Chemist: 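First the structure, then my questions, so here it is.
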Amino acid sequence: MIYLDYNATTPCDPEVVAAMLPYFSQKFGNAASKTHPYGWIADEAVEQARRQVARLIGATEQEVIFTSGSTEGCNLALKGVFELYAVKGNHIITCVTEHKAVLDTCQHLEQRGATVTYLPVDAAGLISLEELEAAIRPETILIAVMYANNETGVIQPVKAIGAIAKKHKVLFFSDATQAAGKLPLDVQTDGIDLLALSAHKLYGPKGVGALYIRRKGPRVSLKAQIDGGGHERGFRSGTLNVPGIAGLGKACSLCSEGMEAEQQRLRSLRDQLEQGLLQSGDVSVNGSLQSRMPHVSNLSFRGIKAERMISALNSELAFSVGSACTSASKAPSHVLEAMGLDQASLDGAIRFSLGRFTTAEEIAQTINLVRAQLDRLKY
Ligand SMILES: *Cc1c(COP(=O)(O)O)cnc(C)c1O
């Protein structure tokens, strides 16, 4: 079976699993226990992970808090800022192609009195910086734009967004779940004030993540969404998931190590895949070719129903139609729709996402498998 759905989730790296194991039974202490070595040892693991996460994104360790993943990170950033900055205003700017973790949270906040501007995207999946700046009002408190899109891999102009946010003294939150560990991101040069990432998208375990909260220039604060005990400097109470956090830390440091080389390797495999498939009929790439993550390929096979292709191959190839995160609802991809795709391109859209364990052999096989279905499935 070939796995090309790394944007839905990644397998844990064996080194990550090894780093987690001691914290289940030998070193099982509660990181908040201050009176004995069980607690101290757990706390040491947590603080080491905090440094590893911070290093990956150019933050200081005091600026990183642990969460249960990016859905929680997005909720905490948006709701936490909305509640704490209510005196300044109630206006949030986001984008139509965000993940549901951001869009659904914005909808929830609209019911609680927020005004939300949803910026459109162009055919390449990019927002317009002019439209962003024009949308800022005196009561704007937050810009929430993702770093890279989960469905298309399109990378938003984050540095420029950060500069606009700073110029207008508005906070900038970026959902970097897909970019963290894969692109050399840096909260300083990118001008990001809040950033969410998730372990299971970067070869760590499920159910753990981190939120970066800027401490200087400006100092950002949040209203906690989970109360009780005051863990994580009061931003997020609850006994820490020590094995998960140790795994997240290890996963971050593994990603930091060979990032450039891995990007090159995946870009070359992805390009090979696209070359192999683009010659076979009415196929095109969705999303900006200039600003796209190197391991993602979202292709429209016009004249084919994506679901039929995927079910025809589901015992050999794992890949997805639209977004795996929202495939509970059978609606067409809100991302591709926002990019203005016609019906045939929406119906035939398939996402391939490659990763650490993808091989050239698997890509060659994938090309053959998909091509073999194309004529058969043509409607
Ligand atoms: C996966 C994903 C999320 C949700 O993260 P979880 O840790 O699974 O809750 C949010 N945003 C993006 C862009 C994602 O890809």
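In this text the structure is predicted, and so the values were computed from the model without any measurement. Start at 1 with the first residue, then count along the sequence. As the structure lists them, so they are numbered: ligands from 1, and atoms in each ligand from 1.
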Chemist: Any idea which atoms of ligand 1 are less than 4.0 Å away from a heavy-atom of G69?
Modeler: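 Within the 4.0 Å cut-off of G69, ligand 1 contributes 7 (O).
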Chemist: Can you tell me how far the CD atom of Q48 sits from the CD1 atom of I245, to the nearest 0.5 Å?
Modeler: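 Rounded to the nearest 0.5 Å, the CD-CD1 separation comes out at 12.5 Å.
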Chemist: Which one holds for D175 and ligand 1: side chain close, backbone close, both close, or neither close, with close meaning a heavy atom under 4.0 Å?
Modeler: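 The answer is the side chain.
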Chemist: Taking only heavy atoms of M146 into account, list the atoms of ligand 1 that are under 4.0 Å away from them.
Modeler: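 Every atom of ligand 1 under 4.0 Å from some heavy atom of M146: 13 (C).
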Chemist: At a non-hydrogen distance cut-off of under 4.0 Å, which region of H200 contacts ligand 1 (side chain, backbone, both, or neither)?
Modeler: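 The answer is the side chain of H200.
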Chemist: Which ligand 1 atoms are under 4.0 Å away from a heavy-atom of S198?
Modeler: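 What qualifies from ligand 1 is 6 (P), 7 (O).
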Chemist: Which class fits the ring pair Y6 and Y203: parallel under 30°, tilted 30 to 60°, perpendicular over 60°?
Modeler: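 Y6 vs Y203 ring planes: tilted.
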Chemist: Nearest heavy atom to atom 6 (P) of ligand 1 wins, so pick from C74, A148, S70.
Modeler: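 Comparing heavy atoms across C74, A148, S70, the nearest one to atom 6 (P) of ligand 1 lies in S70.
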Chemist: Would T117 and H91 count as having a side-chain donor-acceptor pair, cut-off 3.5 Å?
Modeler: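 H91 and T117 do have a side-chain donor-acceptor pair below 3.5 Å.
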Chemist: Please confirm whether E72 comes within less than 3.5 Å of ligand 1 when only nitrogen or oxygen atoms on both sides are compared.
Modeler: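 In fact, backbone or side chain, E72 has no N or O that close.
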Chemist: Can we say E139 and R137 salt-bridge, meaning some charged N sits less than 4.0 Å from an Asp/Glu carboxylate O?
Modeler: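 R137 and E139: salt-bridged.
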Chemist: Is T71 close to ligand 1, meaning an N/O of one under 3.5 Å from an N/O of the other?
Modeler: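 Among all N and O atoms of T71, at least one is under 3.5 Å from an N or O of ligand 1.
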Chemist: H295 and E262: side-chain donor and acceptor closer than 3.5 Å?
Modeler: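 Not at all, the side chains of H295 and E262 share no donor-acceptor pair under 3.5 Å.
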Chemist: Excluding sequence neighbours, so at least two apart, what forms salt bridge (Lys or Arg N to Asp or Glu O under 4.0 Å) with R292?
Modeler: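 R292 satisfies salt bridge (Lys or Arg N to Asp or Glu O under 4.0 Å) with E274 only.
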Chemist: Go through the side-chain N and O atoms of R265 and T358 and say whether any donor and acceptor fall under 3.5 Å apart.
Modeler: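 R265 vs T358: no donor-acceptor pair found between side chains.
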Chemist: Side chain, backbone, both or neither: which applies to K206 and ligand 1 if a contact is any heavy-atom pair less than 4.0 Å apart?
Modeler: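 The answer is neither.
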Chemist: Against heavy atoms of N150, which atoms of ligand 1 measure under 4.0 Å?
Modeler: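 Here the atoms of ligand 1 in question are 13 (C), 15 (O).
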